[in-house]
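So the structure is just underneath, and the comments pick up after that.
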Amino acid sequence: MPIQQLPQQLINQIAAGEVVERPASVVKELLENSLDAGASRIELDIEQGGVKLCRVRDNGTGIPVGELGLALSRHATSKIESLEDLEQIASLGFRGEALPSIASVSRLRLVSRHRQAADAWAIEIENGEILPVAPAAHPIGTSVEIRDLFFNTPARRRFLKTERTEFGHIQKIAEKIALSRFSTALRFTNNSKSVLDLPVATTRGEQEARVARICGQEFMTHAIRIERDVGDLHLSGWIARPTFSRSQPDLQHFFLNGRAVRDKVVGHAVRAGFRDVLFHGRHPAFVLYLEMDPRAVDVNAHPAKQEVRFRDSRSVHDFIRRTVDAVLAGTHPGAADGTRPAATMIAGADGPDLYAAEPGAPARQGGLPFRPSGRAIREQMAAYASLAGQPTAAAESLFALGADQETPPLGYAFAHLHGVYILAQNRNGLVIVDAHAAHERVTYERLKAAYRASGIRSQPLLVPVTISVSEREADLAGMQHDLLAELGLSVDRSGPQRLTIRALPMLLANADAESLVRDLLADLLETGRTERVAQQIDDLLAGVACHGSVRANRPLTIDEMNALLREMETTERADQCNHGRPTWTALSMQELDRLFSRGR
């Protein structure tokens with residue numbers, strides 16, 4: 001065929017293929033437009049999974065009557081004017097193709113009243129032709145109504161799933177929008193039935209209530225609040241404790257400057273922060289918000305704006321990983337005082353990380369947990385020693401922990417159940433500790449601290465290993481020679497596509513050198529960072545800790561049990577063992593009373 005100019009309608013339909021995959025794509029574009037318009041309330045109504053109807057109404061700024069036609073024209077936008085604007089995009093949408101693309105595969109009607117106008121006006125598109133503007137009745141704001149999606153492209157309509165499936169995709173989009181902007185109320189109905197009705201959330205409690213409504217109350221029960229600033233980077237939100245891990249990455253929400261994104265660098269950084277507190281194959285749950293200079297990130301890397309490209313991905317990766325790792329390091333009994341309130345991690349660019357209880361939560365130990373006085377220990381030990389011979393007196397001494405007496409978070413041990421579980425009493429009730437899991441974590445953290453204090457030492461290979469790689473990987477190995485040396489590896493380029501491995505970290509001297517280097521290069525190509533060496537070393541130390549920890553049915557004395565409890569209170573990540581299992585749990589007196597129907 002000869003070269004020819006395509007009709008405008010076909011051009012719009014081709015563009016629609018990039019941004020309109022299904023009804024959820026339409027909803028996403030319309031909701032983001034409402035947010036960019038400054039709406040404080042948005043109403044979303046759909047019918048038949050969004051195929052029959054998608055209607056979004058907001059109370060935003062509105063569109064002047066003279067600009068309604070432009071709003072439905074390609075490459076027309078109010079969000080950028082120059083290349084400089086394109087390099088520092090702060091809005092959610094800017095491509096200028098969404099509305100005309102949507103209109104090319106549906107029946108579209110737009111009604112708007114600008115906040116400085118006395119009247120509202122409507123505009124429609126039929127068969128790709130923009131009809132004249134007509135007066136309408138509408139409050140300040142905008143309504144966009146999309147009917148009969150893909151009515152003129154039956155091939156696309158055949159690829160749609162069932163109504164229930166399409167509704168599920170729209171619900172996920174609506175939930176992400178609700179999580180991205182607490183300052184905006186959202187009402188969502190499906191076939192005239194209410195799905196979401198979320199008011200504006202301004203206080204911390206209201207925000208957590210909204211997160212619980214979308215992510216589940218159990219998520220918030222296990223959530224730790226994060227707040228951290230370093231330079232131009234600000235990270236906030238919630239991560240769930242490792243004991244609330246998931247079999248799928250289905251509860252991971254990340255927002256960059258208010259935009260929901262999926263990014264490999266971010267995902268890898270969060271996983272690295274959870275590195276040695278999760279079961280293999282499990283996934284962390286989180287709702288995180290990263291604010292940064294728009295000029296430091298390219299949000300135009302994907303037609304649907306779901307992927308981004310950081311200008312300095314290494315610093316972003318390190319910031320997120322270190323923040324998550326520091327928060328999880330505080331998951332030990334000394335940081336939660338046995339009641340495990342939601343913790344807040346507060347950090348400054350120049351100061352150390354501190355942990356503080358949420359407003360209204362019980363007071364917790366700060367820094368190193370309280371160590372009981374020698375007198376208190378002697379009194380308790382005396383009670384334990386006399387427990388068998390003088391049960392009444394022992395009980396009076398052992399259980400006389402008044403409200404005014406300072407008690408360690410895990411309390412004092414009084415029994416070793418079946419040689420497996422330590423039973424202890426604190427001020428709130430009963431504490432149950434898995435002795436092996438707890439000792440394993442304590443030993444593992446000691447080994448890590450000792451090893452990192454001495455640094456990573458290299459051991460030359462008796463016979464250097466030569467491997468074949470791609471030219472790109474060989475170039476990367478040359479550029480990252482210093483980084484590899486810091487990790488204890490000596491890798492030289494011996495040809496255009498050949499590398500020679502001459503030394504490995506001492507603890508990994510028996511590792512597969514070729515596989516290790518190939519995995520390292522793959523990580524560097526993927527994210528610009530690698531935790532491969534640290535991961536393998538930690539795995540080795542975890543194995544040593546596991547084999548060296550107290551085993552089941554090994555009797556523990558009262559002194560040994562209490563020593564372990566005190567170690568747990570000062571050991572990072574002591575709430576879970578190296579494999580992600582919980583090390584302890586607690587039953588309050590109220591919970592115990594309910595078990596036995598006391599007070600009824």
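Nothing fancy with the numbering, it's 1 onward along the sequence. Note: hydrogens, waters and symmetry copies are ignored here, and every other heavy atom, side chains too, is used.
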Would Val287 and Phe219 count as a side-chain contact (heavy atoms from CB on, under 4.5 Å) here? Give the steps.
CA-CA 10 Å; Val287 179; Phe219 171 81; 4.0 Å; yes
Within this structure, what is the [atom1]-[atom2] distance for the pair [X] and [Y], rounded to the nearest 0.5 Å?
X	Y	atom1	atom2	result
Leu44	Leu31	CG	CG	5.5 Å
Leu524	Met479	CG	CE	9.5 Å
Gln207	Ser183	CD	OG	9.5 Å
His169	Arg22	NE2	CZ	3.5 Å
Thr142	His114	OG1	NE2	9.0 Å
His253	Ser180	NE2	OG	11.0 Å

Donor-acceptor pair, distance only, cut-off 3.5 Å: does the side chain of [X] make one with the backbone of [Y]?
X	Y	value
Gln497	Ala474	no
Glu67	Pro64	no
Ser236	Glu227	no
Thr184	Ala39	yes
Asp148	Arg107	no
Asp58	Leu35	no
Ser245	Pro284	no

Side-chain heavy-atom pair [X], [Y] within 4.5 angstrom cut-off:
X	Y	answer
Cys54	Leu149	no
Leu521	Gln480	no
Glu29	Ser101	no
Ser104	Val20	no
Phe188	Ile46	yes
Thr243	Asp575	no
Leu160	Glu166	yes
Val316	Met292	yes

For Glu43 and Arg187, what are the C-alpha separation, side-chain angles and deciding distance, and is it a salt bridge (charged side-chain N to carboxylate O under 4.0 Å, His left out)?
CA-CA 5 Å; Glu43 297 177 2; Arg187 186 183 65 82; 3.2 Å; yes
Counting only heavy atoms not in Lys176, do more than 12 sit closer than 6.0 Å to its NZ atom?
yes
Count the heavy atoms belonging to other residues, nucleotides or ligands that lie under 6.0 Å from CZ of Arg157, then report whether that count exceeds 12.
yes
For a quick test of reading the model, state the closest non-hydrogen atom pair linking [X] to [Y] and the distance between them.
X	Y	value
Phe319	Arg228	CZ-O, 3.8 Å
Leu99	Leu110	CD1-CD1, 4.1 Å
Ser112	Ile63	OG-N, 2.7 Å
Ser313	Val265	O-CG1, 3.8 Å
Ile140	Gly60	CG2-O, 3.7 Å
Arg246	Leu251	NE-CB, 4.0 Å

Walk me through whether Asp325 and Arg573 qualify under salt bridge (charged side-chain N to carboxylate O under 4.0 Å, His left out).
CA-CA 9 Å; Asp325 183 71; Arg573 306 172 187 86; 2.8 Å; yes
Checking Ser192 now: which residues fulfil side chain to side chain contact (heavy atoms under 4.5 Å, CB included) with it, not counting sequence neighbours?
none
Step-by-step side-chain contact (heavy atoms from CB on, under 4.5 Å) determination, Phe274 to Leu328:
CA-CA 8 Å; Phe274 274 85; Leu328 294 175; 3.7 Å; yes
Out of Arg581, Arg241, Gln576, which residue meets the side chain to side chain contact (heavy atoms under 4.5 Å, CB included) rule with Val277?
Gln576
Side-chain donor-acceptor contact under 3.5 Å, Asn191 with Glu163
yes
Go through the steps for Arg109 and Arg147 under the test side-chain contact (heavy atoms from CB on, under 4.5 Å), then give the verdict.
CA-CA 9 Å; Arg109 184 172 188 264; Arg147 293 187 177 274; over 6 Å; no
Applying salt bridge (charged side-chain N to carboxylate O under 4.0 Å, His left out), run through Glu206 and Arg210 and close with a yes or a no.
CA-CA 6 Å; Glu206 292 170 344; Arg210 178 178 287 200; over 6 Å; no
Between Tyr289 and Trp238, what is the ring plane arrangement, given parallel below 30°, perpendicular above 60°, and tilted in between?
perpendicular
Could you walk me through whether Val266 and Leu288 satisfy the side-chain contact (heavy atoms from CB on, under 4.5 Å) test, starting with their C-alpha distance in whole Å, then the side-chain angles of each, then the deciding distance to 0.1 Å, before giving a yes or no?
CA-CA 10 Å; Val266 171; Leu288 292 175; over 6 Å; no
